[in-house]
Amino acid sequence: MDEQDGGWRRAWEGAGRQLRGAGRGLADLILPPMAHDSREATAAAGLTPDAWSRIRFLEAPVCDGCGAAFEYDGGAFAEDRCTACIAQPYVFQRARAACLYDEASRGLILRFKHGDQQQFAPLFARWIGRSAADLVEAADAVVPVPLHPLRLLSRRFNQAAEIARPLARDAGRDYLPDSLVRTSHTTSQGGKSQRGRRLNVRKAFAVTEVGRRRIRGRRILLIDDVLTTGATGDACARALLDAGARGVDLAVIARVRNARELTM
């Protein structure tokens, strides 16, 4: 009887998913989804073709350590890391960025981060899921870079968490939003040198007691919006590794072109 009940339940659930999918398809025909960057209707919610064509997505080959694009594929015997990552590795082990942080992507990310336009979150999660597919596959759990409570209060949401949640759900990975916390209300990283950024966040993050139990011995995928100098990612990775994580990788929406070459 239980097997029959389970069979009927699965059949009903499958039929329900098909009906919901058909309903969404019909609704899209009547009211097409809108592009996030325009009121122009698109085949699926996302960007207009013009905006999409201007985004500089980072395709392989990229540096395994920082996600920077290599100018050319060096073949089977080429190094998998750039010179800077070989000379001075980050605390996090690997990094991936979906696109370059420039004039085309900056406006979209800032509208999401500071303009309370949370509709960008699923789109950015899909971008990261594609660019960091190997990191997602290797991860046991996904952790967003946290905001200090005061900044969370003023911004109303944590942009990294809004991306990490659908990414973890779609990949079937544990989502651990409360494992890592920001313990000090640091000033904005914007405008600071590489050294200034590192000093600003040196001891800004900590792992909670509950987090220690959930991350110990596991590989963590850390999610943030933009990689600039890597100071925030390093500070978070250090806290996670000190708490017993087996390894930490970083995935972001975008990265600046020359993260290692900002003014010291």
Side-chain angles (χ1 to χ4, degrees), residues 65-67 85 88-97 109 113-114 121 124 128 132 135-136 138-165 167-168 173-256 259-260 262:
C66 68
C85 283
Q88 187 178 2
Y90 284 114
V91 176
F92 51 84
Q93 293 178 319
R94 298 180 293 173
R96 297 290 185 273
I109 294 171
K113 186 173 180 177
H114 298 295
F124 291 150
I128 291 176
L135 306 192
V136 176
D140 298 307
V142 178
V143 173
V145 169
L147 291 179
H148 188 272
L150 291 177
R151 185 157 294 163
L152 182 60
L153 184 64
S154 64
R155 194 175 292 174
R156 302 204 309 164
F157 72 102
N158 178 358
Q159 72 279 357
E162 295 304 310
I163 299 169
R165 186 185 303 109
L167 179 69
R173 297 296 185 268
D174 284 350
Y175 172 55
L176 309 179
D178 301 320
S179 293
L180 185 66
V181 294
R182 195 160 193 148
T183 55
S184 59
H185 187 39
T186 57
T187 57
S188 171
Q189 292 283 69
K192 287 183 171 60
S193 67
Q194 187 177 63
R195 182 173 181 274
R197 286 171 179 256
R198 291 190 179 280
L199 290 174
N200 193 40
V201 296
R202 176 181 289 175
K203 296 182 179 179
F205 302 95
V207 174
T208 63
E209 285 305 313
V210 172
R212 286 179 181 275
R213 294 193 294 271
R214 302 196 69 183
I215 70 169
R216 187 176 294 118
R218 307 179 81 191
R219 189 167 197 91
I220 304 301
L221 179 60
L222 186 67
I223 301 297
D224 203 2
D225 50 9
V226 179
L227 170 63
T228 48
T229 64
T232 298
D234 263 359
C236 290
R238 185 173 287 107
L240 291 165
L241 291 168
D242 287 347
R246 178 166 55 88
V248 179
D249 296 323
L250 174 69
V252 298
I253 307 167
R255 57 158 289 132
V256 300
R260 300 282 196 167
L262 294 183

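Not measured: the values here are computed from a predicted model.
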Exercise for review: Taking side-chain hydrogen bond (donor to acceptor under 3.5 Å, both in side chains) as the test, write out the residues that go with Arg165, two or more places apart.
Suggested key: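 Once residues adjacent in sequence are excluded, the partners of Arg165 under the side-chain hydrogen bond (donor to acceptor under 3.5 Å, both in side chains) criterion are Glu162.
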**Study point:** side-chain hydrogen bond (donor to acceptor under 3.5 Å, both in side chains) involving Asp174 - partner list, sequence neighbours excluded
**Key:** Arg218
Quick one: [atom1] on [X] to [atom2] on [Y], what's the gap to the nearest 0.5 Å?
X: Arg213; Y: Leu176; atom1: CZ; atom2: CG; answer: 12.5 Å
X: Leu240; Y: Arg216; atom1: CG; atom2: CZ; answer: 12.5 Å
X: Ile128; Y: Asp225; atom1: CD1; atom2: CG; answer: 9.0 Å

Exercise for review: For the pair Arg238 (side chain) and Val91 (backbone), establish whether a donor and an acceptor sit closer than 3.5 Å, ignoring hydrogens and angles.
Suggested key: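 A pair under 3.5 Å: no.
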[X] to [Y] - nearest heavy-atom pair and separation:
X: Ala132; Y: Arg96; answer: CB-CB, 3.7 Å
X: Gly247; Y: Gln93; answer: CA-OE1, 3.7 Å
X: Arg255; Y: Ala97; answer: CG-CB, 3.4 Å

Practice item. Mind running side chain to side chain contact (heavy atoms under 4.5 Å, CB included) on Ile220 and Leu180 for me, showing each step along the way? Key: CA-CA 11 Å; Ile220 304 301; Leu180 185 66; over 6 Å; no
Practice item. Test Gln159 against Leu147 for side chain to side chain contact (heavy atoms under 4.5 Å, CB included), laying out the working first. Key: CA-CA 9 Å; Gln159 72 279 357; Leu147 291 179; 4.2 Å; yes
List the residues meeting salt bridge (Lys or Arg N to Asp or Glu O under 4.0 Å) with [X], not counting sequence neighbours, and say none if there are none.
X: Arg94; result: Asp249
X: Arg246; result: Asp140
X: Arg212; result: Glu209

Point to revise | Set of residues satisfying ring pair (Phe, Tyr, Trp, His ring centres under 6.0 Å) with respect to Phe92, sequence neighbours excluded | key: Tyr90
Practice item. Applying side-chain contact (heavy atoms from CB on, under 4.5 Å), name anything that partners Val181, two or more places apart in sequence or on another chain. Key: Thr183, Ala206, Thr208
Revision key, fill the gap. Across all chains, not counting sequence neighbours, the side-chain contact (heavy atoms from CB on, under 4.5 Å) partners of Ala164 are Val142, Pro144, Tyr175, Ile223
Check your understanding: Cys236 and side-chain contact (heavy atoms from CB on, under 4.5 Å): which partner among Leu222, Val143, Asp224?
Key ->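 That would be Leu222.
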Practice item. Please name the residue in the list Val252, Thr232, Ile109, Ile253 that meets the side-chain contact (heavy atoms from CB on, under 4.5 Å) test with Val226. Key: Ile109
